[in-house]
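Scroll down for the structure; my scribbles are underneath it.
Each chain gets a letter, A, B and so on, in the order its sequence line appears, and its residues count up from 1.
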Amino acid sequence: GENVEQHPSTLSVQEGDSAVIKCTYSDSASNYFPWYKQELGKRPQLIIDIRSNVGEKKDQRIAVTLNKTAKHFSLHITETQPEDSAVYFCAASRWGGADGLTFGKGTHLIIQP
Amino acid sequence: DTEVTQTPKHLVMGMTNKKSLKCEQHMGHRAMYWYKQKAKKPPELMFVYSYEKLSINESVPSRFSPECPNSSLLNLHLHALQPEDSALYLCASSLGPLNSNQPQHFGDGTRLSIL
């Protein structure tokens, strides 16, 4: 089955700086890679996703890059704000999410004022 | 706003009780999922339903019994649970397997405590 590794487990950055979270996956058949943000006591909320036929996707301060050859994808958050503090999960799926998601272990992002 | 509705929000039950978790969506999604999330851990897939049929069971113990009565509703029946089953149970939905690469939307979850 799929295995998703996520690093770092904790990331502390100064407000206004950029944050980068990295994930690798094992199953070359995976073709869909979403990122979720989960605040304490809340549901996971999709913030951005990328399909295997795309190398990069941006949405305002958030971007995701995918390297299929290396089986590696990353989340980039620019101009970080206090409300970005949360746990971020990467995930992978073989059927665009229809077969369920395999999540990484999560990154606790802390934005220092 | 949450478009996937889960009830109850909290549930405390004894090991001999029988209870059910409910999940509802009215987005026309044809795939629905149950995940289990322990504290400070990622969600772990339990079951996948596609077009009201069970398509994936991730070797979940039989004390968890899923049911999909119609395309909008997903239940998880609980019986003889163990203390280690205490967790947040998340339901999610997506358009379905004929619409690949579609995001999953999560409900707020049911926080389950087994005494």
Side-chain angles (χ1 to χ4, degrees), chain A residues 1-7 9-10 21 23 25 27 29-54 57 59 62 64 66 68 73 86-109, chain B residues 1-7 9-10 23 25 27 29-51 53-60 66 74 87-111:
Chain A
E2 174 67 280
N3 181 49
V4 178
E5 298 282 341
Q6 182 172 349
H7 299 280
S9 57
T10 303
I21 302 170
C23 289
Y25 61 99
D27 188 347
S30 288
N31 59 8
Y32 174 66
F33 307 94
W35 287 87
Y36 285 85
K37 174 184 180 182
Q38 189 174 28
E39 297 175 75
L40 191 63
K42 302 263 181 89
R43 64 187 171 100
Q45 195 155 11
L46 180 73
I47 56 171
I48 196 166
D49 57 10
I50 192 166
R51 279 67 170 175
S52 58
N53 58 346
V54 175
K57 182 178 178 180
D59 182 3
I62 294 173
V64 57
L66 172 65
K68 279 196 66 180
F73 58 114
V87 177
Y88 290 80
F89 292 103
C90 63
S93 170
R94 298 180 72 188
W95 288 95
D99 61 334
L101 300 172
T102 300
F103 286 85
K105 290 188 175 180
T107 296
H108 185 195
L109 178 61
Chain B
D1 288 345
T2 303
E3 296 173 329
V4 177
T5 303
Q6 290 188 244
T7 53
K9 293 191 183 304
H10 301 275
C23 174
Q25 57 86 15
M27 296 179 282
H29 289 178
R30 303 309 298 273
M32 296 185 77
Y33 314 81
W34 281 114
Y35 290 84
K36 173 183 178 180
Q37 187 176 25
K38 301 281 277 185
K40 298 187 178 181
K41 298 289 186 183
E44 292 182 355
L45 184 66
M46 299 175 72
F47 303 104
V48 179
Y49 272 83
S50 295
Y51 295 93
K53 288 187 174 12
L54 182 66
S55 59
I56 295 177
N57 176 342
E58 291 286 349
S59 303
V60 178
L74 184 67
L88 180 68
Y89 288 83
L90 291 161
C91 175
S93 70
S94 68
L95 276 172
L98 295 183
N99 297 274
S100 61
N101 297 336
Q102 294 299 327
Q104 291 185 22
H105 300 269
F106 283 85
D108 288 330
T110 293
R111 192 162 297 281

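With A:Arg94 contributing its side chain and A:Ala29 its backbone, the two residues share no donor-acceptor pair below 3.5 Å.
Under the side chain to side chain contact (heavy atoms under 4.5 Å, CB included) criterion, A:Lys68 pairs with A:Tyr25, A:Ser52, A:Leu66, not counting sequence neighbours. By the side chain to side chain contact (heavy atoms under 4.5 Å, CB included) test, A:Ala91 is found to be paired with A:Pro34, A:Leu101, A:Phe103, residues two or more places apart in sequence or in another chain being considered. Residues passing the side chain to side chain contact (heavy atoms under 4.5 Å, CB included) test with A:His7 are A:Glu5, sequence neighbours excluded.
Counting heavy atoms from C-beta on, the side chains of A:Lys42 and A:Lys37 never come closer than 4.5 Å. Considering only heavy atoms from C-beta on, B:Phe106 comes within 4.5 Å of B:Gln104 through its side chain.
Contacts between A:Gln38 and chain B at a heavy-atom distance below 4.5 Å involve the side chain alone, from C-beta outward.
Contacts with chain A (heavy atom to heavy atom, under 4.5 Å) involve these residues of residues 43-50 of chain B, listed by number: B:Pro43, B:Leu45, B:Val48.
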